[in-house]
Amino acid sequence: MIRLIIAVPFILAGIAVIISALIGNFKFGYVLNRMQIGATADTLGTMLIIIGLIVIKGFEILTVKLVIMILFLWMANPVASHFLARTEIISNENIKEECEVCDTDGNI
């Protein structure tokens, strides 16, 4: 029962982060802004939910698998977001009109 009381706030916080990102995504107009808020919320919300599941389950082999999932998400989500942003910058012809982007020399 104590584990459940400790885990519920983590799970509810994770759900709240994901729902607020879902609502906030509609407020941003540019794809890079939407992607940044989505990637951040996806990483944080999913980690909070998995931490809640770890607390509920206790120390078992499943806990080790959940910790590995957290480590994978922690490393993979930012890399995937970076590649998507890089693809948007390279493929969008009007990128300099829509936002401030540095070229390869560091000039804006």
Side-chain angles (χ1 to χ4, degrees):
M1 184 69 177
I2 292 176
R3 280 194 229 165
L4 186 64
I5 293 171
I6 295 171
V8 166
F10 281 108
I11 294 173
L12 290 177
I15 291 171
V17 166
I18 292 172
I19 289 174
S20 67
L22 176 72
I23 294 169
N25 244 343
F26 291 109
K27 298 204 179 248
F28 291 107
Y30 187 59
V31 68
L32 291 177
N33 295 339
R34 288 182 178 191
M35 187 187 55
Q36 191 271 337
I37 195 72
T40 304
D42 180 39
T43 303
L44 179 63
T46 307
M47 284 187 193
L48 286 172
I49 291 172
I50 292 174
I51 288 171
L53 293 174
I54 288 172
V55 171
I56 286 175
K57 197 62 180 165
F59 186 72
E60 294 181 5
I61 192 69
L62 181 65
T63 307
V64 175
K65 292 177 183 179
L66 289 170
V67 169
I68 291 170
M69 282 177 56
I70 287 177
L71 293 174
F72 178 75
L73 286 171
W74 185 60
M75 289 185 279
N77 279 352
V79 172
S81 298
H82 173 77
F83 283 132
L84 286 173
R86 206 60 186 154
T87 303
E88 171 65 19
I89 290 171
I90 291 169
S91 64
N92 191 349
E93 296 171 355
N94 301 325
I95 191 76
K96 292 192 179 200
E97 297 164 2
E98 294 176 6
C99 68
E100 195 172 285
V101 179
C102 295
D103 60 10
T104 56
D105 297 330
N107 300 324
I108 294 176

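For reference, positions follow the sequence shown, starting with 1. Only heavy atoms go into these numbers, but all of them, side chains included; no hydrogens, no water, no symmetry mates. Note that the structure is a prediction, hence the values are computed from the model and not measured.
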query: In terms of hydrophobic clustering (I, L, V, M, F, W, Y; side-chain heavy atoms under 4.5 Å; direct or indirect links), are I70 and I61 co-clustered?
result: no
query: Do you know the tightest heavy-atom contact between M35 and L84?
result: SD-CB, 3.3 Å
statement: In this structure, NZ of K65 is separated from NZ of K57 (nearest 0.5 Å) by 11.0 Å
task: Write down the atom of A21, the atom of A41, and the distance for their closest heavy-atom approach.
output: CB-CB, 3.0 Å
Straight-line distance of H82 NE2 to N77 CG, nearest 0.5 Å: 14.5 Å
query: Do L22 and I15 share a hydrophobic cluster (ILVMFWY, side-chain heavy atoms under 4.5 Å, transitive)?
result: no
- prompt: Considering all heavy atoms of both residues, which atom of L73 and which atom of P78 are nearest to each other, and what is their separation?
  reply: O-CD, 3.9 Å
- prompt: Between CD1 of I50 and CG of L66, what distance do you get to the nearest 0.5 Å?
  reply: 6.0 Å
task: Drop me the distance from F26's CZ to I37's CD1, to the nearest 0.5 angstrom.
output: 13.5 Å
query: Is a side-chain N or O of T63 found less than 3.5 angstrom from the main chain of E60, in a donor-acceptor match?
result: yes
Transitive ILVMFWY side-chain link V17 to F28, under 4.5 Å: no
task: Consider only side-chain heavy atoms of I, L, V, M, F, W and Y, link residues closer than 4.5 Å, and tell whether I2 and F10 are in one cluster.
output: yes
query: In the single-linkage hydrophobic clustering (I, L, V, M, F, W, Y; side-chain heavy atoms under 4.5 Å), do M69 and M75 co-cluster?
result: yes
- request: State, yes or no, whether a side-chain contact exists between I56 and L4 at a heavy-atom distance under 4.5 Å.
  value: yes
message: Are I68 and V64 packed together at the side-chain level, in the sense that at least one heavy-atom pair is separated by less than 4.5 angstrom?
response: yes
message: I want to check something: taking the side chain as every heavy atom from C-beta on, are I18 and I49 in contact at a cut-off of under 4.5 Å?
response: yes
